[in-house]
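Each chain gets a letter, A, B and so on, in the order its sequence line appears, and its residues count up from 1.
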Amino acid sequence: MFLARFLARRLAQGALIVFLVSALIFTLLRVVPGDPVRLMAGGMAPEALIEEIASDMGLRDPIYIQFGRYIGGILQGDLGQSFVRPANGAAVGGASFDDSTRSERAEVWTLIAETAPMTLQLAVLAMAFALLIALPIGIWGGLRPGGWPDRFALYISSVFVSLPNFWLGIVLALLLSVKLKLVPAIGYEGFAYTILPAFVLAIEIAPFIIRTLTVSVAGVMSQSFIDIAAVRGLTRNQIIFRHALKNSSVPLLNLLGVQFSMLLGGVLVIEFIFDYPGLGLLTINAVMQRDFPLIQGIAIVTAAAFVLINIIVDLAATTIDPRLEY
Amino acid sequence: MSAIDISPDLPSKARAKTISARIWSEAFASTEFRIGLIVFTLLVAAASLYPWLSDVDPTKMNIRAKLSPPILMGEGWSWSHPLGTDQLGRDMLARTLVGLRYSLLIGISTTILMVAVGAMIGLFAGYFGGRVDTVLMRLTDAQLSIPMIILAITILGVSRPTIPSIILVLGLAGWPVYARVMRSTVMAERKKEFVRGAMVLGATDWRIMFTLLLPLVLPPLVFVAVLDIARMMIFESVLGFLGLGVQPPTPTFGNIIADGRKYLMNAWWIATMPGVFLVLTLTSVNLMGAALERARNKIYAGA
């Protein structure tokens, strides 16, 4: 019952947030200079043709009418069609813009659904790498606050956080795939192509995990139930992994919710560098091509994902720590 | 009665004034802060003095000296180009240091804008509460759920990127976190006696907000903001790398590295050398920021 009420409230709030996001992005895209029709029809197209196409597509209507139409579509599960990308993947001539070709434009929803799994694969592997790097350093640092493991954790996370992802990507691609030929880097032809991008992404995420872990492990370890656990005859490992780690996993989960957008930003740049066919590359191309429906679609989907992840994080946190309230 | 209520606040206010000083001295005592400060000072001095002293023009091309490697690395290096030259024979050291200038300029002004906007919104939301709070916080949530970088590249991608527009976009994309922190501290502070006392004495809302609350709650926020300077510098270079930052021929870390990527196979130093400088600068800022943050947490936990 509590759960149902919690879900209803959070989902309603989430829907409001997604609505605000779409309104924000929608207005922003219409207000900033740059005419997408000019890009679609090509630079040589006459002004009259551009105006005709634009009014055909309803791009000259007032913003709130366009937005109403768009929201109406979304409520029926229709994110619209890409301005630029054809459904079959072939390049289109700009001026051939009559009704027969319009129907062949790719659905925004299909484009997102095709690329999202690739990005998910990258993100999950990156998270696994990040935990692999951060858990030992973070726990060790937290067990000896003020000591040199703690200092080491501080230094290493300061260095990691200072490595710009695009530069690290280039350097590692140069070293590991060009010079040493260990892993493939550019494009995607199999799972091996995910490893290097995921590793670069992991280096970007790891410092935040290390910082959160050191602080929370140190906090938990100074509490009295940890001292008592030793009296109860638990071994040190049992204390660390059952008690300390369980208690510090809640801040870690919250971090995941908060840093989701940072993770996504990293994904964007890394997919661009490694030419990895995911959501990030799609976004960058959409922006470069002024593909308004696609940008809006991606913004809405990511906002929805952000809302959902935060709900899941809160649910998981209450399962781990029943003292927390919904 | 009021005299009794106010007097316990006096020592705490006197201490609040010294808290910033205590955080500084605490941070200054740590090794990482000193290392960071020394490296940072050296780099800033180099960035502000070298292009001016050496009168090497970072945009001057010299095709005959193109693609010469850094000192002691590879064939045909020379002392006149310590970091080598790029594909058009432009001096890499001068370009890198000019890039560093822009990076610092944008990083610092963006952070100031971000903190200012976030603090104002948080202050209003936390002080007035009620409907103002609801509206401002829902706006903050919406802004938080759009990934900052998507917002930034969307705006800069469809409009023309200039230095003020980059600062504006990054600054306006980054404020929500500050607004949240500010709101929660203001909400906690405004219930306290000294605020109620000031209200009874007839102080206006503005007076309470800007002369009582702001000086009290802003310093802890500002110390954490040092870390965001580094984050914004990274963002600036990412934008430059995507071609959405300060436009060439002005050299920035981002566009030098993006250029150098094309010559990675035969001239590795173009893409890697500016990155080394960027990493050094960021590490020094991050070390200082982390030391300040630790000192702040220590003082506030103990105070």
Euclidean distance, [Y] [atom2] relative to [X] [atom1], rounded to 0.5 Å:
X: A:Asp314; Y: A:Ile309; atom1: CG; atom2: CD1; value: 12.0 Å
X: B:Met233; Y: B:Ile108; atom1: CE; atom2: CD1; value: 7.5 Å
X: A:Leu196; Y: A:Leu201; atom1: CG; atom2: CG; value: 11.5 Å
X: A:Arg144; Y: A:Met221; atom1: CZ; atom2: CE; value: 10.0 Å

With a 4.5 angstrom heavy-atom cut-off, is it the side chain or the backbone of A:Val269 that approaches chain B, or both, or neither?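 For A:Val269, the side chain is the part near chain B, not the backbone.
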
Please look at [X] and chain A and tell me whether the side chain, the backbone, both or neither of the residue comes under 4.5 angstrom of a heavy atom of that chain.
X: B:Arg294; result: side chain
X: B:Leu280; result: neither
X: B:Leu227; result: side chain

Who among A:Val18, A:Leu174, A:Val159 has the most heavy-atom pairs with chain B under 4.5 Å?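 With the most close heavy-atom pairs to chain B, the winner is A:Leu174.
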
Counting a contact as any heavy-atom pair under 4.5 Å apart, which residues of residues 285-293 of chain B contact chain A?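 The stretch touches chain A at B:Asn286, B:Leu287, B:Ala290, B:Glu293.
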
[X] side-chain N/O to [Y] backbone N/O, donor-acceptor pair under 3.5 Å:
X: A:Ser158; Y: A:Leu154; result: yes
X: A:Thr119; Y: A:Leu279; result: yes
X: B:Asn255; Y: B:Pro251; result: no

Consider ring pair (Phe, Tyr, Trp, His ring centres under 6.0 Å). Of A:Phe19, A:Tyr70, A:Phe292, which one does A:Phe26 pass it with?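 Single pass found, and it is A:Tyr70.
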
Do A:Ser22 and A:Gln296 come within less than 4.5 Å of each other through their side chains, counting heavy atoms only?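 No, too far: nothing below the 4.5 Å cut-off.
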
Going by heavy atoms in the side chains, are B:Phe235 and B:Ile106 under 4.5 Å from each other?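 They are not in contact (no side-chain heavy atoms under 4.5 Å apart), so the answer is no.
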
Minimum heavy-atom separation for B:Ala179 and B:Thr140, please, with both atom names.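 The answer is CB-CG2, 4.3 Å.
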
Heavy atoms only: give me the nearest A:Pro251-A:Thr212 pair and the separation to one decimal.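 Of all heavy-atom pairs spanning A:Pro251 and A:Thr212, the closest is CB-CG2, 3.8 Å.
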
Applying a criterion of heavy atom separation less than 4.5 Å, what residues of residues 162-172 of chain A form contacts with chain B?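 So the qualifying residues are A:Ser162, A:Leu163, A:Pro164, A:Asn165, A:Phe166, A:Trp167, A:Ile170, A:Val171.
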
Between B:Ile234, B:Thr281, B:Thr272, which shows the greatest number of heavy-atom pairs under 4.5 Å with chain A?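 The option with the most such pairs is B:Thr272.
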
